[in-house]
Visitor: 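A single structure is presented below for examination.
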Amino acid sequence: MADPGRGLFRGNRGSLLGAAGQPTRLPSTRAWVCCVLEFKGWWRVQWQPRQLTELYFLDEATAFAAGHRPCGLCRVPDYRRFQRSWADALGDGLPGAPEMDRRLQADRRTPEGRQRTFQAVADDLPDGAFIRLGGEIGLMRQGRWRPWSMAGYGAAQAIVSDLQVEVLTPEVTVRVLATGYVPVRHPSVG
């Protein structure tokens with residue numbers, strides 16, 4: 001979606017524009033990262049063919065729902081925290097970025113390139129997971145659902161106990177969130 005707001009973070013999926021500037025169907029990399037908006041004064045001309053294509057996210061929870069992870073360059077403390085939570089969630093040693101990217105790719109996209117989702121009981125989801133409920137998407141926070149928009153989150157709404165919902169956040173990221181990783185959220189969450 002195109003929107004004039006930039007949100008709190010930016011990200012990329014490699015080049016999303018072909019040689020003539022036309023949008024491509026599939027990303028050119030598995031390393032989908034969530035970055036800060038400013039870093040070391042670096043400046044780039046945006047939306048150039050065959051170059052890194054910038055995306056903007058309302059907050060980190062939104063980036064996670066889209067299948068991204070913290071950047072290991074501009075967000076080192078968050079990357080390390082995510083890495084440790086990943087190791088706790090999966091019971092392995094600290095993973096490297098390529099290992100996380102491979103697993104995220106498997107959990108976020110089907111072989112045809114469509115978003116992979118899964119079903120879960122809403123009560124069992126950790127804070128920061130995104131769900132689709134009644135055609136709308138939103139954030140789980142303290143056992144309640146917050147409808148999402150480009151401008152922020154709506155008022156918290158109760159969810160029926162034991163309700164099965166479609167989860168948009170990749171399954172491995174939901175497991176990371178369940179270990180206690182708290183994503184940066186837009187101020188509208190409160």
Side-chain angles (χ1 to χ4, degrees), residues 1-3 7-17 23-36 52-75 78-92 94-122 124-133 135-141 145-146 148 150 164-186:
M1 289 187 230
D3 188 85
L8 302 178
F9 291 95
R10 72 173 187 84
N12 77 77
R13 297 177 184 176
S15 175
L16 297 178
L17 297 175
T24 60
R25 171 130 167 75
L26 297 174
S28 64
T29 181
R30 280 195 295 230
W32 296 13
V33 296
C34 175
C35 301
V36 295
L52 172 100
T53 305
E54 288 80 2
L55 306 170
Y56 294 93
F57 298 107
L58 177 67
D59 58 12
E60 188 176 29
T62 305
F64 284 176
H68 292 243
R69 64 164 171 81
C71 177
L73 177 64
C74 67
R75 299 186 58 211
D78 292 328
Y79 173 83
R80 297 280 186 234
R81 192 167 50 92
F82 188 84
Q83 191 181 40
R84 285 189 303 274
S85 293
W86 182 292
D88 291 345
L90 275 61
D92 296 331
L94 283 180
E99 180 183 342
M100 290 189 286
D101 293 338
R102 276 190 299 277
R103 176 62 188 267
L104 280 166
Q105 182 67 15
D107 282 9
R108 67 184 168 221
R109 295 284 175 220
T110 66
E112 299 79 34
R114 297 199 179 275
Q115 181 177 19
R116 186 183 305 273
T117 62
F118 66 98
Q119 297 290 313
V121 175
D124 296 339
L125 293 171
D127 283 5
F130 261 69
I131 64 169
R132 187 183 327 268
L133 185 61
E136 288 187 77
I137 62 172
L139 174 78
M140 290 300 298
R141 171 110 164 99
W145 179 70
R146 304 288 303 256
W148 176 92
M150 293 282 197
Q164 285 279 329
V165 294
E166 180 184 14
V167 183
L168 305 178
T169 305
E171 191 169 0
V172 69
T173 306
V174 170
R175 291 175 67 183
V176 169
L177 294 171
T179 67
Y181 184 97
V182 179
V184 176
R185 294 177 299 252
H186 190 266

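The chain is numbered in sequence order, starting from 1.
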Visitor: State the CD-CG distance between Gln164 and Leu133, to the nearest 0.5 angstrom.
Guide: 12.0 Å
Visitor: Please say which of Leu104, Asp107, Val176 ends up in a side chain to side chain contact (heavy atoms under 4.5 Å, CB included) with Glu171.
Guide: Asp107
Visitor: How would you list, by chain and number, every residue that makes a salt bridge (Lys or Arg N to Asp or Glu O under 4.0 Å) with Arg81, sequence neighbours excluded?
Guide: Asp78
Visitor: To the nearest 0.5 angstrom, please state how far the CZ atom of Arg146 sits from the CD1 atom of Ile137.
Guide: 14.5 Å
Visitor: Identify the heavy atoms of Gly138 and Trp145 that sit nearest to each other, and give their distance.
Guide: CA-NE1, 3.3 Å
Visitor: Mind listing the closest non-hydrogen atom pair of Leu58 and His186 along with its distance?
Guide: CD1-CD2, 3.1 Å
Visitor: Mind checking the CZ-CZ spacing from Arg109 to Arg114? Nearest 0.5 Å is all I need.
Guide: 10.0 Å
Visitor: Which heavy atom in Val33 sits nearest to a heavy atom in Cys35, and how many Å separate them?
Guide: CG2-SG, 3.7 Å
Visitor: Kindly say whether Pro70 contributes a backbone atom to a donor-acceptor pair with the side chain of Arg75 at under 3.5 angstrom?
Guide: no
Visitor: What's the separation between atom CG in Leu8 and atom OG1 in Thr62, rounded to the nearest 0.5 Å?
Guide: 8.5 Å
Visitor: Determine all donor-acceptor pairs shorter than 3.5 Å in which one atom belongs to a side chain in residues 124-132; sequence neighbours excluded.
Guide:
unit_1, atom_1, unit_2, atom_2, d
Asp127, OD1, Gln142, N, 2.6
Arg132, NE, Glu166, OE1, 2.8

Visitor: Ring of Trp32, cation from Arg69 - is the NZ or CZ under 6.0 Å from the centre and inside 45° of the axis?
Guide: no
Visitor: Which pair of heavy atoms, one from Trp86 and one from Pro95, lies closest together, and at what distance?
Guide: CD1-CG, 3.3 Å
Visitor: For Phe64 together with Tyr181, are the ring centres under 6.0 Å from each other?
Guide: yes
Visitor: Taking the ring centre of each residue, are Phe9 and His68 less than 6.0 Å apart?
Guide: no
Visitor: Just so I know, are the side chains of Val172 and Met100 near enough to count as touching, which here means a heavy-atom distance under 4.5 Å?
Guide: no
Visitor: Looking at side-chain heavy atoms only, is the closest gap between Gln119 and Val165 below 4.5 Å?
Guide: no
Visitor: Compare all side-chain heavy atoms of Gln105 with those of Arg102 and state whether any distance is below 4.5 angstrom.
Guide: no
Visitor: Hey, what do you get for CZ (Phe57) to SG (Cys34), rounding to the nearest 0.5 Å?
Guide: 6.5 Å
Visitor: With distance as the sole criterion, is a donor-acceptor pair present between the side chains of Asp88 and Ser85 under 3.5 Å?
Guide: no
Visitor: Does the side chain of Glu60 reach to within under 4.5 Å of the side chain of Phe82, using non-hydrogen atoms?
Guide: no
Visitor: Between Arg175 and Ala89, which heavy-atom pair has the shortest distance, and what is it?
Guide: NH2-O, 3.1 Å
Visitor: Say you draw a straight line from CZ of Arg116 to CG of Leu168; how long is it, rounded to the nearest 0.5 Å?
Guide: 14.0 Å
